[in-house]
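Some notes on the structure that comes next.
Every chain is numbered from 1, with letters handed out A, B, ... down the list of sequences. In what follows, every heavy atom counts, from backbone to side chain, and hydrogens, waters and symmetry copies are set aside.
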Protein chains: 2
Amino acid sequence: MYYFCAMNIVEISKVLANDTRVRILRWLKDPVANFPPHQDIDHFDDGVCVGYIQDKAGLSQSTISTYLTAMQNAQLVIPTRHGKWTYYKRNEPVIEAYIETLKAEL
Amino acid sequence: MYYFCAMNIVEISKVLANDTRVRILRWLKDPVANFPPHQDIDHFDDGVCVGYIQDKAGLSQSTISTYLTAMQNAQLVIPTRHGKWTYYKRNEPVIEAYIETLKAEL
DNA sequence: ATAACATATTGATTATTCTAGATATATAAA
DNA sequence: TTTATATATCTAGAATAATCAATATGTTAT
């Protein structure tokens with residue numbers, strides 16, 4: 001059985017109303033292509049560390065961290081802690097559900 | 001031949017990042033159900049006049065007019081002038097193209 | 001022409017978002 | 001246990017968005 005969970009259009013749109021945040025989401029679609037490999041883990045299964053995202057975005061550490069927290073609050077990304085690092089990856093089911101919500105309700 | 005026109009995700013998300021504007025778009029999906037009939041035209045083919053939208057939204061005339069102009073600039077709605085009134089209707093192809101853009105690029 | 005009406009635009013105020021520096025917290029290394 | 005590193009949170013100023021009252025514009029009726 002498939003449960004469709006309607007997403008909050010306004011809340012998610014606020015996250016997507018910023019160029020940097022949208023670009024981060026897109027970069028995370030293909031970490032191998034968009035980021036250097038991690039030295040402490042040999043895969044991107046848990047996503048990309050904040051520092052790499054910050055370097056690529058060219059904004060301050062606090063700004064990127066704030067952005068990622070906002071994206072996490074909207075459930076668009078999932079954080080995983082590995083030692084000192086926090087890795088962020090896309091939350092694909094939520095992203096898909098959001099698009100389904102737009103299709104149904106917008 | 002079907003041409004896919006990629007929409008600007010950030011720009012449209014800014015429009016959708018507001019509860020009133022999203023509700024207006026939804027009301028316009030079913031004008032017969034959501035608005036009183038117009039007296040000067042006997043159909044909703046060209047959409048709904050600003051005054052009805054304003055009454056339903058409960059915000060000032062200038063605010064609603066500003067919102068509708070913003071939605072028009074994002075091409076989400078199409079205005080049609082009939083005498084003193086401006087009627088707004090949804091721009092379905094653009095709304096669909098936006099959802100397609102999200103599916104492809106987000 | 002003038003008055004009345006619907007909508008758009010302008011100007012101003014308040015609220016929210018953006019953004020960075022400073023500081024705090026958590027973890028690992030020495 | 002101190003030190004270094006990565007990320008998160010706090011604080012604050014600048015930029016943008018929300019909102020309305022007042023005014024302007026365009027259209028119709030008198």
I need the [atom1]-[atom2] distance between [X] and [N], as an integer number of Å.
X        : N       : atom1 : atom2 : answer
Leu16(A) : dC18(C) : CG    : P     : 12 Å
Leu59(B) : dA8(C)  : CG    : P     : 15 Å
Ile64(B) : dA18(D) : CD1   : P     : 12 Å
Gln39(A) : dA29(C) : CD    : P     : 13 Å
Gln61(A) : dT9(D)  : CD    : C1'   : 10 Å
Asp46(A) : dT7(D)  : CG    : P     : 14 Å
Asp55(A) : dT5(D)  : CG    : P     : 15 Å
Asn73(B) : dA8(C)  : CG    : C1'   : 12 Å

Worksheet item: Does a nitrogen or oxygen in the side chain of Tyr88(A) sit under 4.0 Å from OP1 or OP2 of dA8(D)?
Response: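 It does, given that an N or O in the side chain of Tyr88(A) lies less than 4.0 Å from OP1 or OP2 of dA8(D).
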Discussion item. OP1 or OP2 of dA20(C) versus the side-chain N and O atoms of Thr63(A): is any pair under 4.0 Å?
Written reply: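 Yes, because at least one side-chain N or O of Thr63(A) sits under 4.0 Å from OP1 or OP2 of dA20(C).
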Worksheet item: Base, sugar-phosphate, or nothing: which does Leu68(B) touch, judged by heavy atoms less than 4.0 Å apart?
Response: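 Nothing: the residue Leu68(B), judged by heavy atoms under 4.0 Å, touches no strand.
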Fill in: Qualifying residues under ring pair (Phe, Tyr, Trp, His ring centres under 6.0 Å), relative to Phe44(B), sequence neighbours excluded
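Partners of Phe44(B) by the ring pair (Phe, Tyr, Trp, His ring centres under 6.0 Å) criterion, ordered by chain and then number, come out as His38(B).
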Worksheet item: In residues 17-27 of chain A, which ones come under 4.0 Å of DNA chain C, going by heavy atoms?
Response: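 Asn18(A), Arg21(A), in order of number.
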Under-3.5 Å N/O pairs linking protein and nucleotides 10-16 of chain C:
none

Looking only at non-hydrogen atoms, find the nearest pair between [X] and [Y] and report the distance.
X        : Y        : result
Gln75(A) : Asn91(A) : O-ND2, 3.0 Å
Ala74(A) : Val94(A) : O-CG1, 4.3 Å
Pro79(A) : Thr86(A) : CB-CG2, 3.9 Å

Within a strict 4.5 Å, meaning less than it, do heavy atoms of the [X] and [Y] side chains meet?
X        : Y        : answer
Leu25(A) : Leu16(A) : yes
Ile24(A) : Leu68(A) : yes
Thr20(A) : Ile64(A) : yes
Tyr98(B) : Ser13(B) : yes
Ile41(A) : Trp85(A) : no

Practice prompt. Scan for side chain to side chain donor-acceptor pair (under 3.5 Å) pairs involving residues 21-36 of chain B, sequence neighbours excluded, and state none if there are none.
Written response: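 Every pair satisfying side chain to side chain donor-acceptor pair (under 3.5 Å) with a residue in residues 21-36 of chain B: Glu105(A)-Arg26(B).
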Fill in: Any residue meeting salt bridge (charged side-chain N to carboxylate O under 4.0 Å, His left out) with Glu11(A), in chain and number order, not counting sequence neighbours
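Not a single residue meets the salt bridge (charged side-chain N to carboxylate O under 4.0 Å, His left out) criterion with Glu11(A).
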Identify each atom pair where a protein N or O and an N or O of nucleotides 4-6 of chain C are less than 3.5 Å apart, giving names and distance.
unit_1, atom_1, unit_2, atom_2, d
dA6(C), O3', Trp85(B), NE1, 3.4

